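Written below as structure tokens is the structure these notes are about.
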Amino acid sequence: MEEEKPWVLISEVGGDHGYLEELADIVKQHFRIICHKELLENPELHGPKIQALLNWKYCPVVEPTLLRLLPALKVVASGGVGVDHLDVPFINSLGVKVTNTPRVVSDSTADLAMGLLLASARRILEENIHAHFCLREMSGEHLTLVPSYGVTNATIGIIGMGEIGYKIAQRAKGFDMKIVYHNRRRRSAEDERAVGATFCQSLDELLGTSDFVMIAVKFTPETRGLIGHRELSIMKPTATLINISRGQVVDQDALVEALQSGSIQAAALDVTHPEPLPRDHPLLGLHNVLITPHIGINTFTTARQMVEKMVRNAVAAVEGSPVPDEVKLQ
Amino acid sequence: MKAVRKLMKVFITRRIPPEGMKILAAAEGCEVSQWDSDEPVPRSDLLKGVEGAHGLLCLLSDKIDKEVLDAAGPNLKVISTMSVGFDHLVLSEIKKRGIRVGYTPDVLTDATAELTVALLLATSRRLPEGVEEVKSGGWSSWKPLWLCGYGLSGSTVGIVGLGRIGMAIAQRLLPFGVKRLLYSGRTAKSYAAEVNGEFVPLDTLASESDFIVVSCSLTPETQGMCDKAFFRKMKKTSIFINSSRGSCSKPGGSCTEALSSGQIAAAGLDVTTPEPLPTNHPLLTLKNCVVLPHIGSATYSTRGIMSALAAQNLLGGLQGSDMPSELSL
């Protein structure tokens, strides 16, 4: 039975860039595994065997040089919902399908979005929060822990009301937040009513009225640089920008300027461009910016569900059955 | 504002938001003295300040016990605390002297529930660690599943004490996809149905919850409730959140031990014993422990409203009339 299982290429098991043991076990139920390092040691032997590639963003990096080693490849099964790290048209041109894992990442991403919003609003990750205890030794602005403006009854403007955006709206409703949104397509009246969301025909309208601007769009050529100088200047000076989409959706230089000048109050980012940011990047020095290292989907449950989906997609592609999550570009 | 009939001496134990000060300033016949600082009043200054006072406006960091009451003397008619908790007031001594007590329930429910959820998310998703790695340069190459945490979707949440704040926390957590909402307390609550709450013994809550949130008031019954045995019953993957009172957790390091030995995954504490925690306390060194300096109610509007309410409670007591929020003794 073991001999009949098809071969799959993954980055590695264990280590910083690898799969957790229990996740690798899920893969082993359907595939025999070759790790990237093994492949490179003997590409002529291993390469032609591989029919599926499980990819997690840059692990491994899916470039033409790698693909050239895999003549029998049927599918690149990517983890996560974004595929901006893959040249999908090129991969498809080789007769190879690309799949992603929609929906499984939505809850953990929406959770993190709210976590960033709340952490920023209630100032709980500020420098020296624990040092409040040695206030007596400190002087100036840290002498009193200044209260915040709070989240309850504030207005959240969600840009991109897809699956993740909508889940954010559901969570925001629990805090009695006023919810406005902007999307390519308006949501149904029922969807809007369920979370009490108001559609903003224009992005500017959303930007001008929101206390928290939440970016949850898909990264596409249309959304690149969606938030720039102009958009940031329309935002309230007391507003916070939160980005869980992709760094490239925001003009980062414009953001730095807006934060430094007080054009907006604060920002909380799980995504930047590049990742990681260079050590001397101005964003890292600003006291009113919260940055987390792209951990939106990073929960144990989500990881397991993602790997299960990646495997399911890979199995279907290898068997020639309908592939559940094939990425088809419009 | 009805004028008080004779000059009433009032002592305020801290600098409070202007909303409350304005109300007291407008009341005729009120002589206000105050410990004008953002730091707690030292004990000796408290004992001096209350001498002859008719009214005392205090905070939860001020222990109002027999010594303070004796120092105040027979004029003292009302104690108004700018908090919803009253574990710092020795009620038996206060009741004995016929002193009325005002407190600030409800107005801080939203802010505290909000902060509790903020703390839960920061703890379970390891936000402080993430922020630190970004700042320190630990964020080098892209690593999948780095800083993996625990999600709320499909989880079981256990709320210890489903009072006003507990309910507000439950209402905020449910949309995160929580599967089961357990709660414990003295009695089952009819309003728990609104959040599909299941009333269970504390032991059951400890062993079946993925997230435990302590939001009960501190009483002799809840004191030290979360002891070694409690933490031992908890799942290895569970998260412990306390925004109630530090002493609900048994002092002597049971929480510290549970965290460092891997009995539980992580803890988020807005309250500790003591407050503030000394800077060399072990809890502050643990990566899986997030400690906040008791900021549950710290929003501008909430603190302003609390200040106004505490002032109004105080005046009600001084005038012998109704207090907007009187604690029944």
Side-chain angles (χ1 to χ4, degrees), chain A residues 11 16-20 23 56-59 79 107-108 110-112 114-116 118-119 121-125 129-136 143-153 170-176 275-277 279 284 290-295 298-303, chain B residues 15 38-39 110-111 113-115 117-122 124-128 130-131 133-135 137-155 171-177 237 275-279 281 284 290-293 295 297-303:
Chain A
S11 53
D16 271 351
H17 297 85
Y19 289 65
L20 304 167
L23 298 181
W56 231 321
K57 197 149 168 163
Y58 305 129
C59 301
D107 281 313
S108 48
D111 284 3
L112 188 86
M114 284 308 290
L116 284 177
L118 286 161
R122 295 302 295 267
R123 307 179 64 170
I124 64 178
L125 298 178
I129 183 111
H130 301 150
H132 172 81
F133 306 133
C134 41
L135 285 178
R136 289 159 200 84
L143 196 61
T144 315
L145 201 71
V146 180
S148 78
Y149 287 99
V151 162
T152 304
N153 294 139
Q170 287 171 322
R171 286 150 175 74
K173 179 168 186 285
F175 293 82
D176 290 329
E275 286 171 13
L277 286 171
R279 297 291 302 131
L284 294 174
L290 230 177
I291 304 176
T292 47
H294 204 154
I295 53 174
N298 293 19
T299 71
F300 293 108
T301 312
T302 301
Chain B
R15 196 178 288 158
D38 295 310
E39 294 300 306
D110 283 341
E114 185 181 294
L115 188 281
V117 176
L119 179 57
L120 186 153
L121 288 168
S124 58
R125 295 301 295 272
R126 306 171 66 178
L127 299 190
V131 164
E133 294 284 3
V134 169
K135 289 207 177 110
W139 187 30
S140 48
S141 58
W142 194 84
K143 301 171 210 176
L145 301 187
W146 190 32
L147 298 171
C148 242
Y150 296 91
L152 282 159
S153 179
S155 69
Q171 281 157 344
R172 281 157 177 76
L173 286 179
L174 284 184
F176 286 78
T237 52
E275 282 174 25
L277 271 189
T279 47
H281 195 283
L284 294 175
V290 181
V291 181
L292 299 178
I295 51 173
S297 62
T299 69
Y300 287 110
S301 59
T302 300
R303 288 285 169 86

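Every chain is numbered from 1 and lettered A, B, ... according to where its sequence line falls, protein lines coming before strand lines. This one's a predicted model, so the numbers in the text were calculated from it and none came from an experiment.
- Heavy-atom pairs under 4.5 Å with chain A peak, among B:G177, B:G149, B:G130, B:A122, at B:G149.
- Looking at B:L127 and B:L121, their side chains never come closer than 4.5 Å, going by heavy atoms from C-beta outward.
- Between the CH2 atom of A:W56 and the CG atom of A:L23 there is a distance of 5.5 Å, given to the nearest 0.5 Å.
- For the 3.5 Å distance criterion, the side chains of B:S153 and A:D107 qualify, holding a donor opposite an acceptor.
- Remark: B:R125 CZ to A:M114 CE distance equals 13.5 Å, nearest 0.5 Å.
- Contacts between B:S297 and chain A at a heavy-atom distance below 4.5 Å involve the backbone alone (N, CA, C, O).
- Remark: B:W139 CH2 to A:E275 CD distance equals 5.0 Å, nearest 0.5 Å.
- Rounded to the nearest 0.5 angstrom, A:L284 CG and A:L277 CG are separated by 5.0 Å.
- Put simply, of B:V131, B:V134, B:L119, the one with the most heavy-atom pairs under 4.5 Å next to chain A is B:V134.
- Most heavy-atom pairs under 4.5 Å with chain B, from the set A:P293, A:G115, A:G174, A:G150: that is A:P293.
- Heavy-atom distances place the backbone of B:S140, and not its side chain, under 4.5 Å from chain A.
- Heavy atoms closer than 4.5 Å to chain B are found nowhere in A:T301, neither backbone nor side chain.
- Heavy atoms of A:T152 lying under 4.5 Å from chain B belong to its backbone as well as its side chain.
- Between atom OG1 of residue B:T299 and atom CG of residue B:D110 there is a gap of 9.0 Å, rounded to the nearest 0.5 Å.
- Looking at A:R171, both its backbone and its side chain come within 4.5 Å of chain B, counting heavy atoms on both sides.
- Contact annotation for B:L173: neither backbone nor side-chain heavy atoms come within less than 4.5 Å of a heavy atom of chain A.
- Interface residue B:A111: backbone and side-chain heavy atoms are both found under 4.5 Å from chain A.
- Using a 4.5 Å cut-off between heavy atoms, A:L112 touches chain B through backbone and side chain atoms alike.
- Taking the six-membered ring for Trp and thresholds of 30 and 60 degrees, B:Y300 and A:Y149 have ring planes inclined between 30 and 60 degrees apart.
- Both the backbone and the side chain of A:D111 come within contact range of chain B, judged by heavy atoms closer than 4.5 Å.
- Residue A:I291 touches chain B through both its backbone and its side chain, counting heavy-atom pairs closer than 4.5 Å.
- Most heavy-atom pairs under 4.5 Å with chain B: of the set A:T302, A:I295, A:L20, this distinction falls to A:I295.
- Of the inter-residue distances, the one linking A:L118 atom CG with B:R172 atom CZ reads 9.5 Å to the nearest 0.5 angstrom.
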